[in-house]
There are 2 protein chains.
Amino acid sequence: MKMDMFEAKTQVVKALAHPLRLAICEYLLNIKEPKCVNHLANHFKKNQSVISKHLSILQQVNIVTLKKEGIYNRYTLSNPAQIRCIIDAINSIVKENALKNSKIVEMMD
Amino acid sequence: MKMDMFEAKTQVVKALAHPLRLAICEYLLNIKEPKCVNHLANHFKKNQSVISKHLSILQQVNIVTLKKEGIYNRYTLSNPAQIRCIIDAINSIVKENALKNSKIVEMMD
DNA sequence: CTACTATATTCCAATATTGGAATATGTCAA
DNA sequence: TTGACATATTCCAATATTGGAATATAGTAG
């Protein structure tokens, strides 16, 4: 598997670039306990295979770590601190954009 | 345009989820000066329309800001501090993964 | 105006991502 | 062993993203 640096970084960013995967990461960040596939499927009201596949994508780039406990496969964030940095930065950008847009709407009134 | 919060965040992450766009952001972060489309096209040895389209994607989510100066459209990062946070966090994850993989390779020797 | 340069946009084919259903695998208990 | 449950994987159709060529637009100089 040959891959240059930007490709490797992009794989990580891409893994976060989906609403459900981002939501899963935020959820795991707040909950702080490993959660199993079924729990996440119920929580997000999604098909089990969909959740499983998204977790697999997150696992491939080591955003998430799998711990097998008997029947259950429990997932946690591998790097919670880094994920928090990213989510906070994204939130900051989104909030600033919302603020800017509301100002533009005001100007157009 | 109705969009829930995770959709909005995902749009920002998606904008970064491409090797060239990530490279453009890192470049603008280091250079600190606004750069025009042609400059970036030459620097990255890419088609002008490709660069223009990628910049447009970054601009749509306000990762990048356009300043028109005569003939030139110069682009800068709108939120350099946040972009640096994100890039640093991604680098940290990628480095840790590389380290882990090299250890796995060692184990297999 | 025309010519020239910079940039944006449109069009299109190739490729990638997605969700859901079905199926396969794995783990445990009886 | 069989059954029950948790999870992963495969398959497929719908959708999204991509790069490059061609075209359109914009700004400036002559």
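Below, all heavy atoms of this structure are taken into account, side chains as well, without hydrogens, waters or symmetry copies. Everything numeric in this text was worked out from a predicted model, so none of it was measured. In what follows, every chain begins at residue 1, and chains take the letters A, B, ... in the order their sequences are listed.
- Using a distance-only test at 3.5 Å, with no hydrogens or angles considered, no donor-acceptor pair links the side chain of B/Asn38 to the main chain of B/Gln48.
- Although no hydrogens or angles enter the test, the distance criterion places no donor-acceptor pair under 3.5 Å between the side chain of B/Asn79 and the main chain of B/Gln82.
- For C/dT7, neither phosphate oxygen OP1 nor OP2 lies less than 4.0 angstrom from any side-chain nitrogen or oxygen of B/Asn73.
- At whole-Å resolution of the value, CD in B/Glu69 and P in D/dT28 are 11 Å apart.
- For C/dA8, the OP1/OP2 oxygens have a side-chain nitrogen or oxygen of B/Tyr75 closer than 4.0 Å.
- With the nearest nucleotide of DNA chain C identified for both A/Leu20 and B/Gln59, B/Gln59 has the one nearer the 5' end.
- Taking atom OH of B/Tyr72 as the reference point, atom C1' of D/dA26 lies 14 Å away to the nearest angstrom.
- Taking side-chain N and O atoms only, B/Asn38 has a distance below 4.0 Å to OP1 or OP2 of C/dT7.
- Judged by distance alone, with hydrogens and angles left aside, the side-chain atoms of A/Arg74 form no donor-acceptor pair with the main-chain N or O of A/Lys35 at under 3.5 Å.
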Atom pairs under 3.5 Å, N or O on each side, protein against nucleotides 11-17 of chain D: can you list them with distances?
{"from": "D/dT17", "atom 1": "OP1", "to": "B/Lys14", "atom 2": "NZ", "distance (Å)": "3.4"}

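- When each of D/dA22, C/dT7, D/dT7 is scored by its nearest atom to the side-chain atoms of B/Gln48, the top-ranked nucleotide is C/dT7.
- Checked by atom type and distance alone, the side chain of A/Arg21 never pairs as donor or acceptor with a backbone atom of A/His54 at under 3.5 Å.
- Side-chain proximity of A/Ser49 to the nucleotides D/dT7, D/dT9, D/dA21 is greatest for D/dT9.
- Atom CG in B/Leu40 sits roughly 15 Å away from atom P in D/dG19 (whole-Å rounding).
- Of the possible polar contacts, one joining the B/Ser78 side chain to the B/Asn62 backbone as a donor-acceptor pair under 3.5 Å is found.
- Atom CG of A/Leu58 and atom C1' of C/dT18 are 15 Å apart (whole Å).
- Atom CZ of A/Arg74 is separated from atom P of D/dA8 by 13 Å (rounded to the nearest Å).
- With rounding to whole Å, A/Lys35 atom NZ is found 16 Å from D/dA6 atom C1'.
- Comparing A/Leu66 and B/Gly70, the nucleotide of DNA chain D nearest to each residue sits closer to the 5' end for A/Leu66.
- Remark: the B/Tyr75 side chain and the B/His39 side chain contain no N/O donor-acceptor pair separated by less than 3.5 Å.
- In this structure, the nucleotide among C/dA8, C/dA6, D/dT18 sitting nearest to the side chain of B/Ile57 is D/dT18.
- For A/Lys9 and B/Glu26, the salt-bridge test passes: some basic side-chain N is under 4.0 Å from an acidic carboxylate O.
- In this structure, A/His54 atom NE2 and C/dT18 atom C1' are separated by 7 Å, rounded to whole Å.
- Straight-line distance from the NZ atom of A/Lys46 to the C1' atom of C/dG19: 9 Å, rounded to whole Å.
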